[in-house]
Structures are given as C-alpha cells and as structure tokens.
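Since the structure comes first, as structure tokens, the remarks are kept for the end.
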Amino acid sequence: MILFAQSAKNRIPLKYGAIRLEKRQDEAMKRFRRNRLGAFIHWGLYSIPGGEWKGKMYMGAAEWLKEWAKVSSNEWMSLMEQWNPTDFNAMQWAKMLKEMGVKYVKITTKHHEGFCLWPSKYTKYTVANTPYRKDLLGAMVKAFNEEGIDVHFYFSVMDWSHPDWRSTIKTKEDSVAFVRFLKFTDNQLRELATSYPTVKDFWFDGTWDSSVKENAWWTAHVEQMLKELVPGVTVNSRLRADEYGRRHFDSNGQLMGDYESGYERRLPDPVKDLKVIRWDWEACMTLPENQWGYHKDWSLSYVKTPLEVIEHIVHAVSMGGNMVVNFGPCADGNFRNEEKIMMESVGAWMKKYGKCVYGCDYAGWQKQNWGYYTKNEKDIYMVVFNVPYSGLLLVKTLKGVEIEKAILLNGDELKIIELGREAYHVKMPDDDPGEPFVIKLVVKEKKETVDKYRDALI
Ligand code: FHN
C-alpha cells in the first residue's frame, strides 16, 4: 500500500528515504518526461532456447526459463557457446525504433541470468567470451545515439550466475558473501556509467529480495554514486528501499528515485488513480501477456494489437506518465514479424498524431468515454478512440474555461455546440477518420481556474 505524503510534523526521520518531496525539475528530468514513448529490449541467452528446454516447451516468461526448467548455472551459461547474433545490425535497429517514434530505448545490459551484453571485466559471463565477441551494448548505444534516441540501461541486481548472490541472508557466511556481491555490483555499475557516459537512465530490477531490502543503505548509495558519475542521470524507484524495508515509496509515502516504475503490464486507472500525477512515472508492457524475452510460441497468449498499444501510450501520457513498449529480439538479431508490424503501425500513427504524446501531460479535465485528454502548455488535445452513436463528443471544461475552437491536426475546424455549465459538444468530422484521431482545442481562460475535479479525486 502506498502511504500518502504526511505533514512535516508527522514525518518520521529517515536516513535512506526520499531525497526530495517534489518532482525533479532539472533539464535532464524534463527531457525524460518530454520523451514520453520508449522501447524496452530484452535480449540475452534466454533468447536462444526461446522457452524450450530439452524438447519441452515452458509457457512462463522466456527469460525465466532457467528457473522453470531448473537448469544449473553452468549448463545455462554454456548457452554462451551458441551466442552469435550474426544478423544483428545496430543501425537497422535504431532506424526501426526511430520510425516507431520512440525517443528512448531501455536495454537489458544484464538480466537475472547474469549474462552481460558488454565486455565486463568483473565476470566471465559476457559477450566477449562468446563466438560473437563484439560489444553489443556499445554498438547499440552508438547507433541509437546517432539516431537521436536516448539510451537507458536496464540492470538486474539479482544475478543467478554469481556465487555470492543471496536472496536471503541467513548466516554469517551469507552476509560476508553478500558484501562481496554488492562490491561486484558497484564495480559493474561504475563500469557501465564510465564506459557509456551518454547513458541517460538506470532502470533497476531484481531488487525485491530481503537481502537487498535489508541493505537500504546500498540502494541509496547506488543512486548517489550514479548521479555523481553521470550528471543528470535518472534512476527508477525500483532500486530503492528505506531502512524499514519499504520499496519505491518510503515510510513517509514519498517516492524514492526519480520516477515510479511499479506499473508493469498495467496502468493506473484514469479516474480512481489520479494520485499518480503527483510524481513522474513510467509504465512498461509486453506485447503478449507476459513474455519479455523471445519466446518461440506466442500461440497460447493474447497478443496486443497496435490499436491497444496506441491506446496504452495515450492513456499513460494522459495521466502524466511515460510508456515503454517491450520487444524481445530473436537470438540471431532479428525481430519477429509481429514486433516489426507493431513498430511500423505505431510509428505510422505517431507520425500523424504524435503531437498529443511528446511533451504532453495530464490536462486536468474530466475523462469522457470517447478517449483521453492530453495537454501541452495551453493546447488541449482530445484523443478520440470511441465514436459515440450521436457523433457528438461531450467535453466538460474546468470552471472559467471556454472552448474557442476545435481543430483537427490537418487544420479543419469542427463544429462546437455550447451546452452551458462548462459543457460542449464537439461534432465529429464528416469523414470518420477510421482510426484514433486527435482534436486540438483552443481555449480561453476567463479567470484563474481551479482543478476541482482533480482535487476531489486525489
Ligand atoms: O523478472 C523481470 C522480468 O523478466 C522483466 O524483466 C520485467 C520487466 O519489467 N521485470 C521483472 C519482473 O518484474
């Protein structure tokens, strides 16, 4: 449960709690916020078996196959002998993702299995010791940056390959081993931050075990260390714990890290969960129900349509959040067809309507069932997903706000019917666009407006 922010008087003193009470407002954070749309890349040894081990198909998340099939670490790591993504072309990936309209990419530098996509000098389990040999992470950072795409590093603290990793600390030996493990992790993080200094964000995962929670000091230290090494870098809330073992939000209900990263494969409710607009947040989602890494068989899972993905993106932005769409490339370096189609379809829509996504935020107007509002400075966007039978889109403004014009992005004006009491109908265009579309509202504020609706909900 998230505790709500308390008054200063009731706040308990915390050594490892939140380091600020408001949203971060420097340029780097604003850029993170403006970007709004990102992609996730889950790529590692698990992409080779693709959910199948010794002839048996496991339908759980492919990147967890080592656990499902109870494979020893040695046997799992022998997959490195087969790691040779000869079709991998970083520039091609960057171009495809740029076409999709993503402004940043989160790359799994190391997932739970422990295999590193960069030639880390702190473990033998890296791309350098595979037939491929070359630094995959470096190639991606270079290509994405050349295409103007920001790079974020996903990093799993939990590392199944490391003998000193512990999920719980039960003995003195465990505790000594875990201290070594934290040192190893610091080394890897410092290595990443200094070898790839254009990195914009560290996104931590695998931090839920009691071993990490009991070392709250370390989570605070990592945040600080990375911020000293990479000016402006952002860090997700999932890294952090306070001394009472609270994660994401500290014991005073304040967000730790720079943005909340708990929205995984789900989104806050646009009416009931408006409290999220108090902080920055980012959601991530898979195309099938729960596959992040490449799985050979998607037949038993519902796979989202481009329309649903577009709606998720707009839904997130309408509540002041970012959306990250996951891709799990094949081990040879190709994306599966479903993913390519997704990139193209989302990209085509973003090219036409991206104005209602990039740089946009929560608008503060009462949600209507035709879709979502977003806002960029004074412009309010209606993003219409459902067309009512009447062809009339109901809009309720805030007190003192009048609608002067409703315009399609091609410049065509739509008819507005004033209903009184801050309500209007905007008439659908004569030619139904046949896809989610955007109407820009030009508004006039009569006087200082108060966001009563929002205030009532949070
Ligand atoms: O266990 C991982 C999972 O494989 C995937 O990486 C997701 C991405 O958010 N994070 C973990 C589950 O929360």
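Indexing begins at 1, ligand by ligand and atom by atom, following the structure's order. The structure presented is a predicted model; accordingly, all values stated were derived computationally and were not measured.
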## Note on the structure
One should read off an interatomic distance between Asp209 CG and Arg166 CZ, to the nearest 0.5 angstrom, of 12.5 Å
### Message
Within ligand 1, which atoms have a heavy atom of Cys284 less than 4.0 Å away?
### Response
9 (O)
### Centroid-centroid under 6.0 Å between Tyr154 and His111 rings
yes
### Query
Hey, is Trp203 touching ligand 1 through its side chain, its backbone, both or neither, going by heavy atoms under 4.0 Å?
side chain
### Task
May I ask you to check if Lys103 and Tyr358 form a cation-pi contact, with NZ or CZ under 6.0 angstrom from the six-membered ring centre and within 45° of the axis?
yes
### Message
So for Arg238, does at least one of its heavy atoms come nearer than 4.0 angstrom to any atom of ligand 1?
### Response
yes
### Query
Less than 3.5 Å between some nitrogen or oxygen of Trp208 and one of ligand 1, yes or no?
no
### Message
To check your reading of the model: name the closest protein heavy atom to atom 5 (C) of ligand 1, its residue, and the distance in Å.
### Response
His42 NE2, 3.5 Å
## Note on the structure
of all protein heavy atoms, closest to atom 3 (C) of ligand 1 is Glu63 OE2, 3.5 Å
### Query
What protein heavy atom sits nearest atom 11 (C) of ligand 1, and how far off is it?
Asp205 OD2, 2.9 Å
### Query
What's the shortest distance from atom 9 (O) of ligand 1 to any protein heavy atom, and which residue and atom give it?
Glu264 OE1, 2.8 Å
#### Entry: Validation row, ring centre Tyr372 to ring centre Phe385 under 6.0 Å
yes
### Message
Using a 4.0 Å cutoff against the non-hydrogen atoms of His111, which atoms of ligand 1 qualify?
### Response
2 (C), 3 (C), 4 (O), 5 (C), 6 (O)
### Message
Any side-chain to backbone donor/acceptor pair from Ser47 onto Trp43? Under 3.5 Å, distance only.
### Response
no
#### Entry: Ring centre gap for Phe40 and Trp203 strictly below 6.0 Å
yes
### Message
Looking at Lys142 and Glu146, is any side-chain nitrogen of the basic one under 4.0 Å from a carboxylate oxygen of the acidic one?
### Response
yes
### Message
Checking contacts here: is it the side chain or the backbone of Ser156 that comes within 4.0 Å of ligand 1, counting heavy atoms only? Could be both or neither.
### Response
neither
### Query
For the rings on Tyr125 and Phe115, is their centre-to-centre separation under 6.0 Å?
no
## Note on the structure
Quick look: Lys106 vs ligand 1, heavy-atom contacts under 4.0 Å, and the answer is neither
#### Entry: Trp208 ring center near His112 ring center (under 6.0 Å)
yes
### Query
Can you find an N or O of Trp292 that's nearer than 3.5 Å to an N or O of ligand 1?
no
### Atoms of ligand 1 close to His112 [distance to a heavy atom under 4.0 angstrom, numbered from 1]
1 (O), 2 (C)
